[in-house]
Student: 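Have a look at this one before I ask anything.
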Amino acid sequence: MRYSQYLLPTLRETPGDAEIISHQLMLRAGMIRKVAAGIYDYLPLGLRAIRKMEAIIREEMNRAGAIEVLMPMVVPADLWDESGRWQQYGKELLRIKDRKETDFCLGPTHEEVITEMVRGTVRSYRQLPLNLYQIQSKFRDEIRPRFGLMRGREFIMKDAYSFDLDQAGVDLAYEKMYQAYRRIFARCGLNFRAVEADTGNIGGSSSHEFMVLAESGEDAIASCHACEYAANVEKAECRPQPQVCCDEAPPLEQVATPGRKAISEVSEFLGVPASATAKALVLITDSGAPVMALLRGDHELNPIKLKNVLGCSVLELATDEQIEKLTGAPVGYLGPVGMKIRVVADLAIQSGGPWITGANVSDAHFRNTVHGRDFAVERFADIRNVGAGDPCPRCADGIMEMWRGIEVGHVFKLGTKYSASMRATVLDDQGQERTLVMGCYGIGVGRTVAAAIEQNHDDKGVIWPMPLAPFQVLITLLNPKDEAVRAAGERLYAELQEKGIEVLLDDRDERAGSKFADADLLGMPLRVTIGSKALQEAAVELQERRSGARSLLPLAEAAGSIATQVRAALAAGAQEAVHG
RNA sequence: CGGGGCGUAGCGCAGCCUGGUAGCGCACCUGUCUUGGGCACAGGGGGUCGGAGGUUCGAAUCCUCUCGCCCCGACCA
């Protein structure tokens with residue numbers, strides 16, 4: 001491609017509303033343009049990167065035995081009624097009507113459609129197993145789209161759905177997808193972790209998320225430094241500690257703590273560490289029932305764990321008014337002693353103590369609070385977030401490390417949630433009707449490209465990993481009006497294309513400085529600079545974007561040498577995928 | 001949906017408080033010049049100041065209402 005004839009509007013200045021680096025660089029490098037909140041144009045360069053990503057996904061999905069299909073983006077409400085999600089899904093589902101006033105939605109995910117497809121086409125166990133995937137634009141009317149392609153409302157997703165006769169079948173399908181995902185992200189040159197995840201509202205049993213490690217990541221993940229254990233903090237377990245309390249604790253004692261409400265104030269005032277205190281939070285479940293969660297002062301509540309313990313789907317912090325009405329105690333001095341509402345306490349409360357707790361009256365706390373003796377707990381459970389330095393729940397001496405991650409992929413065992421409600425069945429070898437067991441597997445295509453930029457850039461611009469680079473090579477003609485320069489550039493351009501290398505030829509009549517700045521910004525892995533000086537020696541200059549390393553190549557050998565380097569870089573990614 | 005902020009040329013912004021000719025930088029067009037890290041000079045095009053009402057002789061500026069967008073909190077690829 002000739003730059004002078006391409007549509008590649010680079011921006012010198014950073015658009016004001018772009019927060020994270022990948023968003024800024026994608027705008028500046030002319031890859032995307034915002035059309036509305038969370039809705040983007042993919043300009044030619046951005047589309048090329050997206051297509052690279054899609055090609056890798058297709059190869060690996062096909063290798064794993066999945067089959068590509070394409071489902072409609074506009075989905076009739078009837079299907080969503082069948083699964084019950086027309087009611088459940090909430091405002092994220094963009095609902096529309098056609099001219100006959102029939103309800104439709106823009107598909108945010110396609111379990112219903114694929115289940116309908118399969119139940120209408122698959123009758124026998126002999127047609128199984130089946131894994132169908134598509135790469136398609138989805139629409140979710142997110143409350144708060146942000147970060148460019150990282151969290152758009154319209155976004156390109158690869159979604160796959162597996163169908164099996166039984167649990168063993170879906171276990172195998174899941175394992176295949178898990179391995180395919182490892183290969184996909186490894187081939188992209190990404191530093192990622194596969195972590196155990198909460199299954200959330202979609203339901204189902206096992207679930208792993210594929211997280212690209214990045215400071216800007218919206219998810220917190222925990223991993224063991226010693227063993228393989230890694231999980232989203234939403235899910236990461238805390239190892240129960242041995243009981244260390246409290247045979248000899250002195251009796252409960254009320255102490256004055258005037259105006260000290262926050263844990264930090266109380267612990268400072270009483271001269272004890274926050275870990276010697278217990279904090280009480282009041283929450284309201286979806287049925288309107290109040291519950292007190294009791295945690296060590298320096299620990300954080302994990303609302304998802306608590307939801308799972310309580311078996312509810314909504315859990316909200318009570319307002320100050322609600323708290324005082326429900327407990328009769330002032331906010332800031334809450335404690336479990338004599339509490340009327342049910343108390344669920346974290347395991348750390350069970351193993352430790354005695355505790356400093358609120359006295360349920362203004363300006364006072366209790367010392368030496370011991371569970372069982374001074375207060376009752378309905379249930380002890382793991383309801384807190386793991387923290388850095390906590391012991392690993394799986395191995396003997398591991399300790400947990402914390403990371404930020406961008407969720408680029410998610411694999412799920414769905415079970416029969418959709419196949420049962422939508423009656424997707426086949427006959428087994430006994431002639432018995434069996435409900436299909438499903439799995440679903442998603443990859444955010446645009447998000448993965450954005451994540452790759454988060455992980456591969458410097459202060460000048462993008463540094464593309466070879467497998468995702470929109471062009472593998474950029475040739476910069478320093479002075480395109482110089483006949484010798486132009487001739488050499490055209491020759492190399494033609495030779496490289498002949499060898500199947502993707503080349504962008506910067507033939508613009510611009511100053512060298514502008515072209516170099518754009519070259520850094522665009523970030524193609526290999527850059528060839530052709531200027532009159534080196535040409536006098538019949539040489540061109542090759543520069544590697546990532547390292548900045550430069551070398552002179554004889555013009556006659558340049559194409560061969562560059563093509564070899566491109567192939568080596570691509571092969572290295574694939575190699576990584578096999579062993580990674 | 002709550003809280004905060006912003007809408008002025010393609011992009012980044014000033015002007016608004018204290019009403020009176022709509023401005024700056026970059027980008028764009030023409031010419032001369034220049035060409036190894038965003039060159040110089042000269043000339044030029046482009047804005048119903050998000051929209052609608054109102055106040056006023058006069059509104060980008062003051063008031064009301066709207067729409068859009070961004071940032072901080074609960075969902076997800």
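Chain letters run A, B, ... following the sequence lines, proteins first, then strands; residues in each count from 1.
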Student: Just compare B/rU34, B/rC75, B/rA77 and give me whichever is closest to any side-chain atom of A/Glu92.
Tutor: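 Among B/rU34, B/rC75, B/rA77, the one nearest the side chain of A/Glu92 is B/rC75.
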
Student: At under 4.0 Å between heavy atoms, what does A/Asp159 touch on the DNA or RNA strands: base, sugar-phosphate, or nothing?
Tutor: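 Answer is nothing: A/Asp159 stays at 4.0 Å or more from every strand.
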
Student: At 4.0 Å (heavy atoms only), tell me whether A/Glu316 reaches a base, stays on the sugar-phosphate, or touches nothing.
Tutor: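 Nothing: the residue A/Glu316, judged by heavy atoms under 4.0 Å, touches no strand.
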
Student: How far does the P atom of B/rA40 sit from the matching atom of B/rG68, given to the nearest Å?
Tutor: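 My reading of the P atoms in B/rA40 and B/rG68 gives 43 Å.
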
Student: Which value, in whole Å, describes the distance between the C1' atoms of nucleotides B/rG46 and B/rU61?
Tutor: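 To the nearest whole Å, 23 Å.
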
Student: Would a distance-only check, ignoring hydrogens and angles, find a side-chain to backbone donor-acceptor pair under 3.5 Å from A/Arg447 to A/Met150?
Tutor: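 Between the backbone of A/Met150 and the side chain of A/Arg447 there is a qualifying donor-acceptor contact (under 3.5 Å).
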
Student: In chain order, what residues pass the side-chain hydrogen bond (donor to acceptor under 3.5 Å, both in side chains) check against A/Ser162, with sequence neighbours excluded?
Tutor: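 Checked A/Ser162 against side-chain hydrogen bond (donor to acceptor under 3.5 Å, both in side chains); matches are A/Tyr441.
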
Student: Do the charged groups of A/Glu218 and A/Arg146 touch, with an N to O distance under 4.0 Å?
Tutor: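 Result for this pair is yes, salt bridge flagged.
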
Student: Figure out the CG/C1' separation between A/Asp518 and B/rC26, and round it to whole Å.
Tutor: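 Atom-to-atom, A/Asp518 to B/rC26, this comes out as 13 Å.
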
Student: From the list B/rC70, B/rU35, B/rC39, which nucleotide is the closest neighbour of the side chain of A/Ser514?
Tutor: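 My answer, after comparing the listed nucleotides, is B/rC39.
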
Student: Just checking A/Tyr6 against A/Phe471, ring centres under 6.0 Å apart?
Tutor: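 Yes, close enough.
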
Student: In the structure shown, which nucleotide is the Watson-Crick or G-U wobble counterpart of B/rU35, with both distances under 3.5 Å?
Tutor: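 Check on B/rU35: unpaired, no WC or wobble geometry under 3.5 Å.
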
Student: Determine the contact category for A/Gly152: base if any of its heavy atoms lies under 4.0 Å from a base atom, sugar-phosphate if only primed atoms, P, OP1 or OP2 are that close, otherwise nothing.
Tutor: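 Counting heavy atoms under 4.0 Å across all strands, the contact made by A/Gly152 includes a base.
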
Student: Considering every strand and a 4.0 Å limit on heavy-atom distances, what is the contact class for A/Ala517: base, sugar-phosphate, or nothing?
Tutor: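 Here A/Ala517 touches the bases of the nucleic acid.
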
Student: Using a strict threshold of under 4.0 Å (side-chain N to carboxylate O), is an ion pair present between A/Asp382 and A/Lys305?
Tutor: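 The answer is yes: the pair qualifies as a salt bridge.
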
Student: Between atom CZ in A/Arg508 and atom C1' in B/rG37, what is the gap in whole Å?
Tutor: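 After rounding, the gap between these two atoms is 13 Å.
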
Student: Hunt down the Watson-Crick or G-U wobble partner of B/rC49, both distances under 3.5 Å, from any strand shown, or write none.
Tutor: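 For B/rC49, the partner nucleotide comes out as none, under the 3.5 Å rule.
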
Student: Of all the nucleotides listed (B/rC1, B/rC69, B/rA77), which has the minimum atom distance to the side chain of A/Lys91?
Tutor: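 That would be B/rC1.
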
Student: Determine: side-chain N/O of A/Arg140 to OP1/OP2 of B/rC75, distance under 4.0 Å, yes or no.
Tutor: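 It does not, given that no N or O in the side chain of A/Arg140 lies less than 4.0 Å from OP1 or OP2 of B/rC75.
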
Student: Using a cut-off of strictly less than 4.0 Å between a heavy atom of the residue and any atom of RNA chain B, enumerate the qualifying residues of residues 442-465 of chain A by number.
Tutor: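 Result for residues 442-465 of chain A: A/Gly444, A/Arg447, sorted by number.
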
Student: How about A/Lys176: does its NZ atom have over 12 heavy atoms from other parts shown lying under 6.0 Å from it?
Tutor: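 At most 12 heavy atoms, drawn from other residues, nucleotides or ligands, come within 6.0 Å of this atom.
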
Student: Using the C1' atom in both, what is the distance from B/rU30 to B/rG45, to the nearest Å?
Tutor: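 Per the computed distance, 10 Å lies between those C1' atoms.
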
Student: Regarding A/Arg550, tell me which of base, sugar-phosphate or nothing describes its non-hydrogen contacts under 4.0 Å with the strands shown.
Tutor: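 Contact class for A/Arg550: base.
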
Student: Report which part of the nucleic acid A/Glu142 touches: base, sugar-phosphate, or nothing (heavy-atom distance under 4.0 Å, all strands).
Tutor: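 Here A/Glu142 touches the bases of the nucleic acid.
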
Student: Taking CD1 from A/Ile475 and P from B/rG36, how many angstroms apart are they, rounded to a whole number?
Tutor: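 Between P of B/rG36 and CD1 of A/Ile475: 20 Å.
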
Student: Using Watson-Crick or G-U wobble geometry with both distances under 3.5 Å, which nucleotide pairs with B/rU18?
Tutor: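 B/rU18 is unpaired by these criteria.
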
Student: For RNA chain B, whose closest nucleotide is more 5', that of A/Ile143 or that of A/His23?
Tutor: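 In this pair, the answer is A/His23.
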
Student: A cation-pi test, strictly: NZ or CZ of A/Arg95 under 6.0 Å from the centre of the six-membered ring of A/Trp86 and no more than 45 degrees from its axis. Yes or no?
Tutor: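 Satisfied, under 6.0 Å and within 45°.
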
Student: Are any of A/Arg146's side-chain N or O atoms less than 4.0 Å away from OP1 or OP2 of B/rC72?
Tutor: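 Yes, A/Arg146 has a side-chain N/O under 4.0 Å of OP1/OP2 on B/rC72.
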
Student: Considering only B/rA77, B/rC75, B/rC39, which nucleotide approaches the side chain of A/Arg151 most closely?
Tutor: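 Side chain of A/Arg151 sits closest to B/rC75.
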
Student: For residues 21-33 of chain A, which side-chain donor-acceptor pairs fall under 3.5 Å, sequence neighbours excluded?
Tutor:
| residue | atom | partner | partner atom | Å |
| --- | --- | --- | --- | --- |
| A/Ser22 | OG | A/Glu454 | OE2 | 2.8 |
| A/His23 | ND1 | A/Gly148 | N | 3.3 |
| A/His23 | NE2 | A/Tyr40 | OH | 3.4 |
| A/Gln24 | NE2 | A/Ala18 | O | 3.0 |
| A/Gln24 | NE2 | A/Glu19 | O | 3.3 |
| A/Arg28 | NE | A/Leu11 | O | 3.0 |

Student: For B/rG10, which nucleotide in any strand shown is its Watson-Crick or wobble partner with both distances under 3.5 Å?
Tutor: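 Base partner found: B/rC26.
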
Student: Each nucleotide N or O in nucleotides 2-11 of chain B that has a protein N or O under 3.5 Å away: list the pair and distance.
Tutor:
| residue | atom | partner | partner atom | Å |
| --- | --- | --- | --- | --- |
| B/rC11 | O2 | A/Glu13 | OE1 | 3.3 |

Student: Show the nearest heavy-atom pair for residues A/Leu295 and A/Leu281, with the distance to one decimal.
Tutor: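 Residues A/Leu295 and A/Leu281, closest heavy atoms: CD1-CD1, 3.9 Å.
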
Student: The side chain of A/His410 is closest to which nucleotide in this list: B/rC1, B/rC69, B/rA77?
Tutor: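 Of all the options, the side chain of A/His410 is nearest to B/rA77.
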
Student: Between P on B/rG38 and CD on A/Glu510, what's the gap in Å once rounded to a whole number?
Tutor: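 About 13 Å, once rounded to whole Å.
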
Student: Could you tell me whether A/Asp520 contacts a base, only the sugar-phosphate backbone, or nothing, with contacts defined as non-hydrogen atoms closer than 4.0 Å?
Tutor: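 Base, at least one base heavy atom under 4.0 Å.
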
Student: In whole Å, what is the span from the CZ atom of A/Arg85 to the C1' atom of B/rC75?
Tutor: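 My rounded result for the distance is 13 Å.
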
Student: Tell me whether the centres of the aromatic rings in A/Tyr161 and A/His110 are closer together than 6.0 Å.
Tutor: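 No, the ring of A/Tyr161 stays outside the 6.0 Å limit from the ring of A/His110, centre to centre.
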
Student: What is the nucleic acid contact for A/Asp219, judged by heavy atoms within less than 4.0 Å: base, sugar-phosphate only, or nothing?
Tutor: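 Since a base atom lies under 4.0 Å of A/Asp219, the category is base.
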
Student: Which is more 5' along RNA chain B, the nucleotide nearest A/Leu478 or the one nearest A/Phe155? Just name the residue.
Tutor: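 Whichever sits nearer the 5' end wins; that is A/Leu478.
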
Student: Whole-Å distance between B/rA77 C1' and A/Ile135 CD1?
Tutor: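 From A/Ile135 CD1 to B/rA77 C1': 13 Å.
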
Student: Within the 4.0 Å heavy-atom criterion, would you say A/Lys34 contacts the bases, only the backbone, or no part of the nucleic acid?
Tutor: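 Sugar-phosphate: the residue A/Lys34, judged by heavy atoms under 4.0 Å, touches backbone atoms but no base.
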
Student: How are the rings of A/His208 and A/Tyr174 set to each other: parallel, tilted or perpendicular (split at 30° and 60°)?
Tutor: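 Tilted: the ring planes of A/His208 and A/Tyr174 meet at 30° to 60°.
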
Student: Would you mind pulling out the nucleotide paired to B/rG2, Watson-Crick or G-U wobble, both distances under 3.5 Å?
Tutor: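 B/rG2 is paired with B/rC72.
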
Student: Hey, can you pull the donor-acceptor pairs under 3.5 Å for the side chains in residues 44-52 of chain A, sequence neighbours left out?
Tutor:
| residue | atom | partner | partner atom | Å |
| --- | --- | --- | --- | --- |
| A/Arg48 | NE | A/Pro470 | O | 2.7 |
| A/Arg48 | NH2 | A/Pro470 | O | 3.4 |
| A/Arg51 | NH1 | A/Glu54 | OE1 | 2.9 |
| A/Arg51 | NH1 | A/Glu54 | OE2 | 3.4 |
| A/Lys52 | NZ | A/Ala469 | O | 2.6 |
| A/Lys52 | NZ | A/Glu502 | OE1 | 2.6 |

Student: Considering only side-chain heavy atoms of A/Glu19, which listed nucleotide, B/rG37, B/rC71, B/rA77, is closest?
Tutor: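 Of B/rG37, B/rC71, B/rA77, B/rC71 is nearest to the side chain of A/Glu19.
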
Student: If I take atom CD in residue A/Glu111 and atom C1' in nucleotide B/rA77, what distance separates them, rounded to the nearest angstrom?
Tutor: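 A/Glu111 atom CD is separated from B/rA77 atom C1' by 12 Å.
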
Student: Considering only distance and modelled atom types, tabulate donor-acceptor pairs under 3.5 Å from the side chains of residues 58-68 of chain A, sequence neighbours left out.
Tutor:
| residue | atom | partner | partner atom | Å |
| --- | --- | --- | --- | --- |
| A/Arg58 | NE | A/Glu68 | OE1 | 2.8 |
| A/Arg58 | NE | A/Glu68 | OE2 | 3.1 |
| A/Arg58 | NH2 | A/Glu68 | OE2 | 2.9 |
| A/Glu59 | OE1 | A/Arg187 | NH1 | 2.8 |
| A/Glu59 | OE1 | A/Arg187 | NH2 | 3.2 |
| A/Glu60 | OE1 | A/Arg63 | NE | 2.9 |
| A/Glu60 | OE1 | A/Arg183 | NE | 2.7 |
| A/Glu60 | OE2 | A/Arg63 | NH2 | 3.2 |
| A/Glu60 | OE2 | A/Arg187 | NH1 | 2.8 |
| A/Asn62 | OD1 | A/Tyr133 | OH | 2.8 |
| A/Asn62 | ND2 | A/Arg58 | O | 3.2 |

Student: For A/Phe147 and B/rC72, give me the distance from atom CZ to atom C1', rounded to whole Å.
Tutor: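 Spelled out: CZ on A/Phe147 to C1' on B/rC72 is 11 Å.
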
